Amino acid sequence: MYERCVALAWCSRCRVYSGAMVRVPRDHVLADLLAPLPAERRERLERSETRLVGYLDGRLGPEDPRPRS
């Protein structure tokens, strides 16, 4: 079984991003980089694609797909 998720891909240098609906196996655990945020901050990011991509860009390195500690 699969779950539908939104996948984002972006280029920090050229400031271009795209999103797509993807299917992920239900047993695959996805990292939620917004989970540790207070509810108000999370909701603010979720309301703006520009803010969301900016936040994620600051959390992930350009070469490393894993979250920074």
Side-chain angles (χ1 to χ4, degrees):
M1 300 298 290
Y2 292 91
E3 294 286 336
R4 292 184 305 166
C5 298
V6 175
L8 294 175
W10 66 90
C11 174
S12 298
R13 283 183 236 130
C14 60
R15 309 292 295 167
V16 172
Y17 73 97
S18 65
M21 187 67 67
V22 296
R23 291 183 183 184
V24 178
R26 283 191 177 176
D27 62 350
H28 185 84
V29 177
L30 299 174
D32 183 354
L33 296 179
L34 303 182
L37 297 176
E40 184 177 307
R41 173 78 169 129
R42 182 183 180 114
E43 290 167 5
R44 184 170 184 257
L45 290 171
E46 290 171 343
R47 287 192 302 262
S48 168
E49 287 182 3
T50 303
R51 278 190 224 120
L52 177 60
V53 171
Y55 175 79
L56 295 174
D57 193 39
R59 297 283 298 150
L60 298 173
E63 303 297 323
D64 188 354
R66 295 170 297 163
R68 293 181 189 164
S69 303

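We're numbering straight along the sequence, starting at 1. Since we're looking at a predicted model, the values are computed, not measured.
Counting all heavy atoms, side chain and backbone alike, V24 lies closest to C5 at CG2-SG, 4.0 Å.
Applying the side-chain hydrogen bond (donor to acceptor under 3.5 Å, both in side chains) definition to pairs two or more places apart or across chains, those involving residues 16-25 are Y17-E49.
Using a 4.5 Å cut-off between side-chain heavy atoms of Ile, Leu, Val, Met, Phe, Trp and Tyr, with links allowed through other members, Y2 and V22 fall into different hydrophobic clusters.
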Could you pull out every donor-acceptor pair under 3.5 Å between side chains of residues 31-42 and any protein atom, sequence neighbours left out?
residue : atom : partner : partner atom : Å
D32     : OD1  : L34     : N            : 3.0
D32     : OD1  : A35     : N            : 3.4
D32     : OD2  : R42     : NH1          : 3.3
D32     : OD2  : R42     : NH2          : 2.9
R42     : NE   : E46     : OE2          : 3.1
R42     : NH1  : L34     : O            : 3.1

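Rounded to the nearest 0.5 angstrom, D27 CG and E3 CD are separated by 11.0 Å. Separation of atoms CZ (R4) and CE (M21) is listed at 5.5 Å; rounding is to 0.5 Å.
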For this session: Start with the C-alpha gap between L45 and L56, add the side-chain angles, then the distance that decides, and say whether side chain to side chain contact (heavy atoms under 4.5 Å, CB included) holds.
Result: CA-CA 10 Å; L45 290 171; L56 295 174; over 6 Å; no

